[in-house]
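Accompanying notes for the structure given below.
Residue numbers count from 1 along this sequence.
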Amino acid sequence: MAREAPLGTGQLNEDNLLEITMASKPTVLGLTPSFGFGDRIGLATPGHVEAMKRSGKTFAPIFPQQSIREMARTSRGPEQVMKDALEGMTQAGWSGPTGADADHLKTEEDVNRTAAVGFTFFTIDPSGDVDASADNYDEPTLRDRFASIRDRIGWVDAYKGRQHELPNGTTVTLDEEACLRCAVKYGLAINSAVALADHIKSVHEASGSDYEIELSVDETDQPTTLAEHYIIADQCLSSGMKLVSLAPRFIGDFEKGVDFKGDAALLEKSLHDHAAIAELLGPYKLSLHSGSDKLSMYAALSRATKGRLHVKTAGTSYLEALRVAARHDESLFRAIIDFSRERYDTDKATYHVSAKLDSAPTTKEVADVTELERHYLEKWEDVPAGKGFTAPGRQILHCTFGSVLTHAEFGPLLRSLLESHLDTYTEVLAIHFSKHLEALNAGL
């Protein structure tokens with residue numbers, strides 16, 4: 001096992017990681033409703049645990065959760081992510097189960113590294129093989145594109161012309177165009193997902209350990225159609241994939257750091273339809289990625305899935321770390337905002353956000369730090385019950401986490417501040433995620 005630089009709490013080595021893991025070993029969670037708490041710094045787990053104690057109810061937590069992309073941007077490897085989370089659980093007195101999410105996996109090496117340290121929930125991300133332009137192809141182009149991959153996609157004729165009535169009465173129609181478009185858009189991605197799932201299976205058969213798989217197909221501009229969801233899930237399950245959760249691209253906008261944008265009634269109808277497919281073919285859970293701060297649609301998600309759901313959050317815990325800076329080190333908070341504004345146009349490239357730099361004031365324009373916190377982080381007392389945050393400044397700070405945390409000055413200063421005020425960080429996180437969990441429980 002490769003060693004990591006000691007970026008977390010305490011000196012990391014193979015022996016104490018094994019000791020911690022054996023004391024609080026992550027497990028599979030199955031169809032239990034679950035909530036993922038991402039931690040990009042390594043100090044958030046006590047706050048996550050406190051939120052679960054206050055408001056978790058029927059939810060199972062996933063405390064160790066990090067995507068490969070986030071690990072690269074924060075210079076933290078799988079060993080450190082696991083160790084920080086399990087140490088935080090132990091320190092906070094968590095004795096219940098936890099999953100461990102190796103998020104957005106693309107390669108066999110990603111699987112090997114995360115499986116080696118005890119991750120149990122493997123999120124496959126085949127987005128690199130998705131043809132994101134397929135929704136816009138006219139018929140001749142669509143047929144040409146299909147012809148170029150026909151020898152690798154053998155299932156179109158098996159689905160073409162079929163209809164399936166879902167448990168809620170909705171009919172999924174698999175006409176020729178729907179099948180061809182799904183093949184062009186997702187066919188190669190399905191192949192790569194199945195191949196990576198086979199590798200995950202072989203790794204765990206060799207080690208004698210249990211695992212479960214989530215498939216992410218949400219990183220597209222257009223929503224996943226019911227026909228696409230049906231074919232994707234059916235192909236994966238038919239291959240023997242141990243699919244416990246699937247993340248479609250839902251209708252509406254699921255931007256980073258802010259609440260859901262879109263028609264709530266249409267979304268709820270769509271959620272019921274997607275949940276019905278998951279019930280018919282699986283059952284498996286529906287997963288909401290970019291789930292941070294989407295409070296206004298949580299109850300609808302719980303109702304539609306009858307609790308068979310997973311919600312994934314990550315960047316919102318980083319934003320709460322900046323709230324600690326706003327309250328305990330104003331100069332650092334202002335400096336991070338200034339730096340984030342400089343980095344935003346570059347760092348936002350891989351994120352779904354709409355905020356512009358001129359949608360939030362500069363630090364020079366706001367003298368009062370409490371008002372600055374409102375512009376860039378928002379405050380719960382200003383938000384209607386059952387709603388999430390919407391301030392554009394949150395997206396400016398959200399997208400630039402990697403640049404801040406790996407900055408030679410800001411990263412160590414922020415970490416030191418959090419370590420000195422861990423009680424504040426724990427409490428703001430507990431409040432923040434209790435709001436999330438209570439909104440989800442409202443629909444159960």
Side-chain angles (χ1 to χ4, degrees), residues 33 35-38 47-48 50-59 250-272 286 288-305 307 309 311-324 326-327 333 337 352-356 359-361 366 368-399 424-425 427-444:
F35 192 95
F37 296 91
H48 298 159
E50 183 59 28
M52 281 296 301
K53 289 179 177 178
R54 294 180 188 182
S55 307
K57 293 187 178 179
T58 60
F59 279 82
F250 297 115
I251 63 172
D253 283 325
F254 291 82
E255 297 185 13
K256 298 293 185 181
V258 296
D259 204 354
F260 168 74
K261 298 179 180 180
D263 188 316
L266 286 178
L267 173 64
E268 182 155 11
K269 172 62 169 64
S270 175
L271 289 171
H272 277 277
L286 280 191
L288 174 62
H289 289 196
S290 300
S292 300
D293 310 299
K294 307 298 186 293
L295 273 69
S296 67
M297 54 79 60
Y298 278 172
L301 177 63
S302 293
R303 283 192 298 269
T305 60
L309 63 94
V311 173
K312 191 170 302 198
T313 69
T316 198
S317 290
Y318 167 74
L319 295 179
E320 291 306 298
L322 299 185
R323 195 181 303 279
V324 178
R327 298 182 182 182
F333 183 52
I337 291 174
H352 181 42
V353 291
S354 61
K356 309 289 186 184
S359 61
V366 183
D368 181 71
V369 69
T370 301
E371 285 305 306
L372 197 62
E373 181 182 344
R374 282 192 164 93
H375 283 291
Y376 280 90
L377 297 173
E378 223 164 337
K379 294 168 75 71
W380 282 115
E381 56 261 39
D382 300 328
V383 178
K387 301 293 184 181
F389 291 141
T390 58
R394 292 176 60 82
Q395 296 188 331
I396 296 172
L397 297 183
H398 175 100
C399 294
T424 302
Y425 191 32
E427 182 60 19
V428 296
L429 285 168
I431 292 170
H432 191 70
F433 284 107
S434 287
K435 297 278 189 181
H436 286 61
L437 292 164
E438 288 162 6
L440 285 164
N441 282 315
L444 294 178

Grab the two heavy atoms, one from Gly393 and one from Ala360, that are nearest each other, plus how far apart they are.
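That closest heavy-atom pairing would be CA-CB, 4.0 Å.
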
Identify the two heavy atoms, one from Leu301 and one from Thr305, that lie closest to each other, and give their separation to 0.1 Å.
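So the two residues come closest at O-OG1, 2.8 Å.
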
Is [X] salt-bridged to [Y], going by a charged N under 4.0 Å from an acidic O?
X	Y	result
Arg327	Glu373	yes
Asp259	Lys387	no
Glu320	Lys435	no
Glu268	Arg303	yes

To the nearest 0.5 angstrom, please state how far the [atom1] atom of [X] sits from the [atom2] atom of [Y].
X	Y	atom1	atom2	result
His352	Cys399	NE2	SG	11.0 Å
Gln395	Thr390	CD	OG1	10.0 Å
His272	Ser270	NE2	OG	10.5 Å
Ser296	Leu267	OG	CG	8.5 Å
Ser290	Phe260	OG	CZ	12.5 Å

Would you check if [X] and [Y] make a side-chain contact, meaning some heavy-atom pair closer than 4.5 Å?
X	Y	value
Ile337	Leu397	yes
Asp293	Phe389	yes
Ile396	Val353	no
Val428	Trp380	no
Tyr425	Ser317	yes
Phe250	Leu288	yes
Lys379	Thr370	yes
Tyr298	Val311	yes

Thr316: which of His436, Lys256, His432 passes side chain to side chain donor-acceptor pair (under 3.5 Å)
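That would be His432; it is the only one of His436, Lys256, His432 passing the side chain to side chain donor-acceptor pair (under 3.5 Å) with Thr316.
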
Of His48, Lys53, Arg54, the residue whose pairing with Glu50 passes side chain to side chain donor-acceptor pair (under 3.5 Å):
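Going through the options one by one, the only one that passes is Arg54.
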
Give a yes or no on this: more than 12 heavy atoms of other residues, nucleotides or ligands lie within 6.0 Å of atom NZ of Lys57.
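For Lys57, atom NZ is not crowded (no more than 12 foreign heavy atoms under 6.0 Å).
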
When you measure from the side chain of Tyr376 to the backbone of Pro361, do you find a donor-acceptor pair of N or O atoms at a distance under 3.5 Å?
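Present.
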
Do side-chain atoms of Ser359 reach the backbone of Ala355 as a donor and acceptor pair under 3.5 angstrom?
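Pair absent, no side-chain N/O of Ser359 close to backbone of Ala355.
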
Would you please test Glu378 and Arg394 for salt bridge (Lys or Arg N to Asp or Glu O under 4.0 Å) and show each step?
CA-CA 8 Å; Glu378 223 164 337; Arg394 292 176 60 82; 5.3 Å; no

From the options Leu437, Asn441, Leu440, select the one residue that forms a side chain to side chain contact (heavy atoms under 4.5 Å, CB included) with Thr58.
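Result: among Leu437, Asn441, Leu440, Asn441 is the only option passing the side chain to side chain contact (heavy atoms under 4.5 Å, CB included) with Thr58.
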
On the 0 to 90° scale, with breaks at 30° and 60°, tag the Phe433-Phe35 ring pair as parallel, tilted or perpendicular.
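Phe433 vs Phe35 ring planes: perpendicular.
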
Take Val366 and Arg374 through the test side chain to side chain contact (heavy atoms under 4.5 Å, CB included) and record every step on the way to the result.
CA-CA 11 Å; Val366 183; Arg374 282 192 164 93; over 6 Å; no

Counterpart residues, salt bridge (Lys or Arg N to Asp or Glu O under 4.0 Å), relative to Asp368 (two or more places apart)
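For Asp368 there are no salt bridge (Lys or Arg N to Asp or Glu O under 4.0 Å) partners, ignoring immediate neighbours.
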
Should Leu372 and Phe333 be marked as a side chain to side chain contact (heavy atoms under 4.5 Å, CB included) after you check the CA-CA gap, both sets of side-chain angles, and the distance that decides it?
CA-CA 9 Å; Leu372 197 62; Phe333 183 52; 4.0 Å; yes

For Ser354 and Glu255, test the side chains for any donor-to-acceptor distance below 3.5 angstrom and give the result as yes or no.
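Short answer, yes.
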
